[in-house]
Amino acid sequence: MQVQTSVSRVTGQNSTSAAANSKVELGMSASEKKVEKRHLSWSQITKSLLAGGVAGAVSRTAVAPLERLKILMQIQGNEKVYTGIWQGTMHMWRTDGLKGLFKGNGLNCIRIFPNQAIKFMSYEQLSRRISHYLIDNGGDGQLTPLLRLGAGAGAGIVGMSATYPMDMVRGRITIQEGNKQQYRGMMHATRSIIANEGVLALWRGWLPSVIGVVPYVGLNFAVYETLKDLLIKSNNYRDERDLSIATKLSCGAVAGTAGQTVAYPFDVVRRRLQVSGWSGAEKLHAESGHAIAYRGMLDCFARTFREEGLGALFKGLGPNYLKVVPSIAIAFVTYEQMKELLGAEIRISG
């Protein structure tokens, strides 16, 4: 009896010890999972960057002719060479052929790949950190539209600043027409701009770009994510994978329209500052036989408004709407489809 009692005690102690160990292991497992959730692996980060880059290249190539037309219309003065979408498209076709419709797109893809990759990744990381901060302070980790706007604005500034010189060079190459081309390519244009105008010329228009990217990218992400969440909750879906591609495209289209409308005047000023005083822009906007030169962002805003009226700050908005709606929609959907294909996390934000 004593032996049996001793054995049962030992067995009981072992069972208690095993249960305790099991609880510790479960606790460690949960902790490890929490850490794993909070910190993405390099594999996940690489997949996310690749998905963002591909999304940017695909979306911009799909609307390249409208992108070039928009830039040409933004820069021209009162003597308009491009008066509408159809007329402008046909003028580009007659001047440079099919190649002209996609002029600058190769460089734009080189620029937009890292730009979009960094932007999407920055948004995910900012959203993740905000979400965990909310959880640590007793919240449910869900981001409000205002917090999404802030995360999107931050991501836009990081992505745009990281690739701005390429955008400036691309803008100049894009408006070249026919045989009057000063630049033979990206490297030649970069060297020429630095040699003739100084290295700081590569950053012309950066300030209005930063100011404009806050509402533009911020609203893109905030509107897109908020619309998706509303649809998921109203239809009792598990997550965004239950949403159809057509629904996601519609959400992206609404997001793109909202962001672009608010930020568009800053985009016009950015483009004008990028070609300020450059002889290659004389045909589009000249004064006394020379290309218009601006002293800075405020001077560009003031002169454009004074000399051409309020409507000048929205030049090219027509083709831009036709461009930005499918472009933003395609970018978001391509990004999510690529992440699913690569086996990366699906959610853009919490």
Side-chain angles (χ1 to χ4, degrees), residues 26-53 55-56 115-162 213-243 247-248 251-252 254-256 258-259 328-329 331-350:
L26 285 172
M28 288 176 63
S29 176
S31 175
E32 286 171 0
K33 284 180 180 177
K34 193 174 182 182
V35 171
E36 187 180 350
K37 263 191 166 183
R38 292 195 174 211
H39 302 284
L40 290 177
S41 65
W42 281 109
S43 174
Q44 291 287 340
I45 291 173
T46 302
K47 289 175 181 178
S48 181
L49 288 170
L50 179 59
N115 177 285
Q116 292 292 89
I118 293 170
K119 186 171 73 176
F120 274 110
M121 190 64 208
S122 297
Y123 180 76
E124 285 195 341
Q125 291 304 303
L126 285 170
S127 297
R128 186 181 297 274
R129 289 183 180 277
I130 294 171
S131 180
H132 288 314
Y133 175 81
L134 294 174
I135 292 171
D136 291 341
N137 286 272
D140 60 1
Q142 289 294 313
L143 273 65
T144 64
L146 187 60
L147 288 174
R148 287 179 179 140
L149 178 67
I157 292 173
V158 172
M160 182 274 297
S161 298
V213 85
V214 170
Y216 176 51
V217 180
L219 281 171
N220 279 348
F221 279 109
V223 173
Y224 181 70
E225 286 294 293
T226 301
L227 285 175
K228 282 198 311 177
D229 272 356
L230 288 173
L231 290 170
I232 290 168
K233 289 173 183 176
S234 62
N235 291 285
N236 293 319
Y237 291 151
R238 293 171 304 162
D239 54 39
E240 60 200 47
R241 283 171 291 187
D242 291 335
L243 294 173
T247 300
K248 291 178 183 177
C251 291
V254 173
I328 298 298
F332 276 123
V333 173
T334 303
Y335 177 69
E336 292 180 348
Q337 294 300 115
M338 279 295 297
K339 286 192 75 178
E340 189 170 359
L341 181 66
L342 293 169
E345 291 187 0
I346 299 299
R347 289 288 294 170
I348 289 182
S349 72

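Just so we're clear, the structure is a prediction, and the values are computed from it rather than from any experiment. Below, each value reflects all heavy atoms present in this structure, side chains not excepted, and no hydrogens, waters or symmetry copies.
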Taking all non-hydrogen atoms of both residues into account, name the closest pair between M338 and A51 and its distance. CB-CB, 3.7 Å

Can you confirm whether L143 sits close enough to E225 that some side-chain heavy atom of one is under 4.5 Å from a side-chain heavy atom of the other? no

What's the separation between atom CG in N115 and atom OG in S161, rounded to the nearest 0.5 Å? 9.5 Å

OG1 (T334) and NZ (K248) are apart, to the nearest 0.5 Å, by 11.0 Å

Separation between CD (Q337) and CG (L342), nearest 0.5 Å, reads 11.5 Å

Nearest heavy-atom approach of M121 to S48 is SD-OG, 3.3 Å

So F332 and F120, would you call those rings parallel, tilted or perpendicular, with 30° and 60° as cut-offs? perpendicular

Non-hydrogen side-chain atoms of L149 and L219 separated by less than 4.5 Å: yes

Using a 3.5 Å distance criterion without hydrogens, assess whether the side chain of D239 forms a donor-acceptor pair with backbone atoms of R241. yes

How close do D229 and Q142 get, heavy atom to heavy atom, and via which atoms? OD2-OE1, 4.2 Å

Taking all non-hydrogen atoms of both residues into account, name the closest pair between F221 and G152 and its distance. CD1-CA, 3.8 Å

Could you tell me whether a side-chain N or O of S122 sits under 3.5 Å from a main-chain N or O of A155, the two making a donor and an acceptor? no

Shortest non-hydrogen pair, Q116 vs G56, comes out as CG-CA, 3.4 Å

Looking only at atom types and distance, does a side-chain atom of S234 sit under 3.5 Å from a main-chain N or O of L231, one as donor and one as acceptor? yes

Are side-chain heavy atoms of L134 and L147 found at a separation under 4.5 Å? yes

Taking the side chain as everything from C-beta on, heavy atoms only, tell me whether I232 gets closer than 4.5 Å to E240. yes

Output the distance between atom CZ (R148) and atom OG1 (T226), rounded to the nearest 0.5 Å. 4.5 Å

Do K339 and E336 meet the salt-bridge criterion of a basic N to acidic O distance under 4.0 Å? no

Looking only at non-hydrogen atoms, find the nearest pair between A151 and I130 and report the distance. CB-CD1, 4.3 Å

